[in-house]
Amino acid sequence: MGRATKIEMYKKIIDAIASRSACSRRKLGAIIVKDDRIVATGYNGAPRGWENCGDEVPCYKDKYGIPSGVIDYSCPSVHAEMNAIINAAYHGVSIKDGTLYTQVDPCFWCALAIVNSGIKRVVVFADYSDKHGIEVLKKSGIDVVRVME
């Protein structure tokens with residue numbers, strides 16, 4: 001067992017960040033790396049100040065019978081990728097020309113945010129049901145690296 005590659009190291013970090021998620025369905029994490037240092041992190045969950053789904057607050061998708069992987073406005077959860085971008089803006093950190101590492105393919109809306117944020121590379125570790133996000137990234141000239149487990 002030798003030294004971990006940077007991609008392996010970043011995967012372990014996003015897995016640890018995902019453990020902060022309170023989502024009862026799936027815990028996901030993302031990081032943004034620039035000049036070989038982590039400049040922003042994000043995990044999926046309710047907006048700041050809102051109650052998280054869990055034991056006392058039911059999952060909205062469960063409540064309304066929405067299947068996993070379907071983007072639906074009944075769920076107030078902010079995706080990990082979007083939260084990483086928002087956290088960078090919140091703290092005044094430039095992510096232009098950075099690399100976003102994420103556990104699953106970004107959804108359509110996260111992909112649009114990635115394009116407009118100036119991120120140049122996205123490293124993905126698993127498929128997601130929404131394929132439109134990957135199409136958006138590729139159409140926009142963003143380098144997509146798939147490291148499937």
Value for SG (C110) from CG (L100), rounded to nearest 0.5 Å, stands at 9.0 Å

How far does OH of Y101 sit from CD1 of I13, to the nearest 0.5 angstrom? 10.0 Å

In Å and rounded to the nearest 0.5 Å, what is the NZ to CG distance from K138 to D143? 10.0 Å

Which heavy atom in V122 sits nearest to a heavy atom in P106, and how many Å separate them? CG1-CG, 4.3 Å

Parallel, tilted or perpendicular: rings of F108 and H132 (30°, 60°): perpendicular

Sole residue of N52, N44, L28, N83 in side chain to side chain contact (heavy atoms under 4.5 Å, CB included) with S21: N44

Is it the case that atom NZ in K6 sees more than 12 heavy atoms from other parts of the structure closer than 6.0 Å? no

Ionic contact status for D127 with R146, cut-off 4.0 Å: yes

d(M82 CE, N87 CG) to nearest 0.5 Å is 12.0 Å

Strictly below 4.0 Å, N to O, side chains only: are D97 and K34 in salt-bridge contact? no

Decide if atom NZ of K27 counts as having more than 12 heavy atoms of other residues, nucleotides or ligands within a radius under 6.0 Å. yes

Between OH on residue Y43 and SG on residue C23, distance to nearest 0.5 Å: 12.5 Å

Report the distance from atom CE of M9 to atom CZ of R3, rounding to the nearest 0.5 Å. 9.0 Å

Write down the atom of V124, the atom of V104, and the distance for their closest heavy-atom approach. CG1-C, 3.6 Å

Can you see which heavy atom on V78 is nearest to which on P47, and at what distance? CG2-CG, 4.2 Å

Looking only at atom types and distance, does a side-chain atom of S140 sit under 3.5 Å from a main-chain N or O of I142, one as donor and one as acceptor? no

Quick check: does any side chain N or O of D105 sit under 3.5 Å from a backbone N or O of Y128, one acting as donor and the other as acceptor? yes

Is there a side chain to side chain contact (heavy atoms under 4.5 Å, CB included) between T99 and I119? Walk through the geometry before answering. CA-CA 6 Å; T99 298; I119 289 170; 5.8 Å; no

